[in-house]
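What follows is a short report on a single structure.
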Amino acid sequence: MKQIAVIAFFIATLLQSDEYRMGSGIKIPGVDIYVGGYITADYIQRRDDYNRLRIDDIALITYGNYKRFSYLSEFETKDAYVKEWGKQEREATNTYLKIERLHVDYAYSDNVVLRAGKFNTPVGYWNLTPVGVLRDSASNPYLAYILYPRYSTGVQVSYEDYLHSGLAYTLMLQHNSDLDDRYNNIIVKEHGVGGIEYGGDALAFKANVGYFKTRSNATFHYFLLSVQYEQLRYRLTAEYGARSRSVPYALYIQGVYHVASKHDIIGRFESYKIDEGAYREENIGVLGYTYRPIVPVTCKAEYQLRSYTNESQLKLSFSILF
């Protein structure tokens, strides 16, 4: 509980500082370093009489720059407070401060960037928006949990030439354990992924191929194809992938329509199949609404209609980026 109290005290201090900028954190005087954070809370009500109220994330973020170097760190408590009732009764707190991201970047040139540490695995579009307050919907598609490790601890090199060719290339290699393997969806001891992206004014394509090895020496290969199309009033994102032996397919397509400057309507269809362990095949339809009074604050509501109808649910969430 002490970790949560420290973060809460820090956030209260931020709000009283003259140097504070909402959503960007507070700048430490004399250096180009910022300190901020975010909080996410949500409520779920399922058709099978399951209810959950949760403080999902309480996070502390620091970032800064020095000449060609930059760094970012993100520490957070996950499921900081959970209360369940109805179908089952439970109340719990979690004060373990996890390492979500901790990396250093070096801009070798205008086109080449080197990265080392723990960071979001450079695949697709969804996985590269890690902070919930910046996402359009209240929930994540299943593809992001079952296809690849969401975080990697290793080295990454990126090359971008959007000005001339419109192309970007990424290569990431990991040959070690996770910096904090208690904060990852898949625990691995080896991971590699490469990607190529073409980005135009409105339309962008990306292809990724990768592999990872678990602690039990099981090796899996995966691929992910992604496309994103954006105009002033709407954005479409779709991703499709598969993983050897265990996930024959996983996909989603999501549309966001900007009704007004602070109001969005979200629709998503997703489908996946898992062969490994407990067999599961499902289609999910999501209809949601997001209200963003200011950029760092979101209030979201969505209803998920699922093939396993007893798991269909209403989800409400509130997020704020400090």
Could you tell me whether the side chains of Tyr151 and Glu100 share a donor-acceptor contact shorter than 3.5 Å? yes
So that I can tick it off, tell me whether Arg46 and Glu311 are bridged by a salt bridge, with the cut-off set at under 4.0 angstrom between side-chain N and carboxylate O. no
Donor-acceptor side-chain pairing of Asp79 and Asn94 below 3.5 angstrom: no
Check whether Ser152 reaches the backbone of Gly154 with its side chain - one donor and one acceptor, N or O, closer than 3.5 Å. no
Hey, is Glu76 close enough to Lys98 for a salt bridge, meaning N to O under 4.0 Å? no
Would you name the heavy atoms of Leu128 and Gly124 that are closest together and state the gap between them? CD1-O, 3.5 Å
Does the side chain of Leu147 come within less than 4.5 Å of Leu224's, by heavy atoms? yes
Is the side chain of Glu89 donor-acceptor paired with the backbone N or O of Gly86 at a distance under 3.5 Å, no angle test? yes
Donor-acceptor check, side chain of Asn120 to backbone of Asn127, threshold 3.5 angstrom: yes or no? yes
As a quick check of understanding, evaluate side chain to side chain donor-acceptor pair (under 3.5 Å) for Asn51 and Tyr43, giving each step before the final call. CA-CA 7 Å; Asn51 298 267; Tyr43 167 73; 2.9 Å; yes
Can you say whether the rings of His103 and Phe119 are parallel (under 30°), tilted (30 to 60°) or perpendicular (over 60°)? perpendicular
Is there a side chain to side chain donor-acceptor pair (under 3.5 Å) between Tyr125 and Gln254 once you walk through the steps? CA-CA 12 Å; Tyr125 294 111; Gln254 177 168 292; over 6 Å; no
Minimum heavy-atom separation for Asn65 to Ser70, with atom names? OD1-CB, 3.1 Å
In sequence, state the C-alpha distance, the side-chain angles, and the governing distance for Val188 and Asp178, and then conclude on side-chain contact (heavy atoms from CB on, under 4.5 Å). CA-CA 7 Å; Val188 302; Asp178 195 300; over 6 Å; no
Considering residues, nucleotides and ligands other than Asp201, do more than 12 of their heavy atoms fall under 6.0 Å from its CG? no
Are any of the side-chain nitrogens in Lys300 or Glu302 under 4.0 Å away from the carboxylate oxygens of its partner? no
Test item: side-chain donor near acceptor, Tyr303 and Gln45, under 3.5 Å: no
Is there a donor-acceptor pair closer than 3.5 Å between any side-chain N or O of Ser109 and the backbone N or O of Val112? yes
Examine the side chains of Arg47 and Thr309 and answer whether a donor and an acceptor come within less than 3.5 Å of each other. no
As a quick check of understanding, evaluate side chain to side chain donor-acceptor pair (under 3.5 Å) for Thr62 and Ser73, giving each step before the final call. CA-CA 5 Å; Thr62 67; Ser73 69; 2.4 Å; yes
Apply the side-chain contact (heavy atoms from CB on, under 4.5 Å) test between Leu171 and each candidate in Val155, Val193, Val157; give the one that qualifies. Val157
Give a yes-or-no answer on whether the side chains of Asn140 and Tyr145 include a donor-acceptor pair shorter than 3.5 Å. yes
Between Tyr81 and Arg54, does any side-chain donor sit less than 3.5 Å from a side-chain acceptor? no
Centroid-centroid under 6.0 Å between Tyr63 and Tyr34 rings: yes
Decide whether a cation-pi geometry holds between Lys273 and Tyr249; the criteria are a distance under 6.0 Å from NZ or CZ to the six-membered ring centre and an angle within 45° of the ring axis. no
Does any donor atom in the side chain of Asn283 or Arg306 lie under 3.5 Å from an acceptor atom in the other side chain? no
Please step through side-chain contact (heavy atoms from CB on, under 4.5 Å) for the pair Lys27 and Ile33, ending with a clear verdict. CA-CA 6 Å; Lys27 186 178 185 300; Ile33 295 177; over 6 Å; no
Please answer whether the main-chain N or O of Lys213 pairs with a side-chain N or O of Thr219 as donor and acceptor at a distance below 3.5 Å. no
NZ/NE/NH1/NH2 to OD/OE distance under 4.0 Å, Lys118 and Asp180: no
Around atom OH of Tyr279, are there more than 12 heavy atoms from other residues, nucleotides or ligands closer than 6.0 Å? yes
Assess the pair Trp126 and Tyr252: is the distance between their ring centroids shorter than 6.0 Å? yes
Heavy-atom count check: over 12 atoms from other residues, nucleotides or ligands less than 6.0 Å from Tyr108 OH? no
If you measure from the Lys or Arg side-chain nitrogens to the Asp or Glu carboxylate oxygens, is any gap between Asp264 and Arg292 under 4.0 Å? no
May I ask you to say whether Arg235 pairs ionically with Asp136, meaning some side-chain N is under 4.0 Å from a carboxylate O? yes
Give the C-alpha distance, both sets of side-chain angles, the deciding distance and a yes or no for side chain to side chain donor-acceptor pair (under 3.5 Å) between Ser137 and Ser139. CA-CA 6 Å; Ser137 58; Ser139 62; 4.9 Å; no
Quick one: does Ser244's side chain have a donor or acceptor within less than 3.5 Å of a partner on His221's backbone? yes
Flag if over 12 foreign heavy atoms under 6.0 Å of NE2, His175: no
So that I can tick it off, tell me whether Asp49 and Lys87 are bridged by a salt bridge, with the cut-off set at under 4.0 angstrom between side-chain N and carboxylate O. no
How far apart are the closest heavy atoms of Thr153 and Gln174, and which atoms are they? O-CG, 2.8 Å
Quick check: closest heavy atoms across Leu173 and Gly192, and the distance to 0.1 Å? CD2-CA, 4.3 Å
So, Tyr211 and Glu190: side-chain donor and acceptor under 3.5 Å apart, yes or no? yes
Just by distance, do the side chain of Arg150 and the backbone of Asn185 share a donor-acceptor pair under 3.5 Å? no
Check step by step if side-chain contact (heavy atoms from CB on, under 4.5 Å) holds for Glu239 and Leu251. CA-CA 5 Å; Glu239 297 187 339; Leu251 63 92; over 6 Å; no
Could you pull out all residues at least two apart from Tyr308 that satisfy ring pair (Phe, Tyr, Trp, His ring centres under 6.0 Å)? none
Given 3.5 Å as the limit, does a donor-acceptor pair link the side chain of Thr121 with the main chain of Pro149, or not? yes
Check the pair Phe223, Val123 against side-chain contact (heavy atoms from CB on, under 4.5 Å), reporting the backbone distance first and the verdict last. CA-CA 9 Å; Phe223 75 88; Val123 294; over 6 Å; no
Taking atom SG of Cys299 and atom NZ of Lys262, what is their separation to the nearest 0.5 Å? 11.5 Å
Are the charged groups of Asp275 and Arg245 less than 4.0 angstrom apart, N to O? no
For the backbone of Ile274 and the side chain of Arg280, can you confirm whether one donor and one acceptor N or O come within less than 3.5 Å of each other? no
Thinking salt bridges, do Asp42 and Arg52 make one under a 4.0 Å N-O criterion? yes
Under a plain distance cut-off of 3.5 Å, with no hydrogens placed, do Tyr272 and Glu281 share a side-chain donor-acceptor pair? no
Just by modelled atom types, is the Ala138 backbone N or O under 3.5 Å from a matching donor or acceptor in the Lys315 side chain? yes
Compare every heavy atom of Gly241 with every heavy atom of Leu143, then report the nearest pair and how far apart it is. CD1-N, 4.3 Å
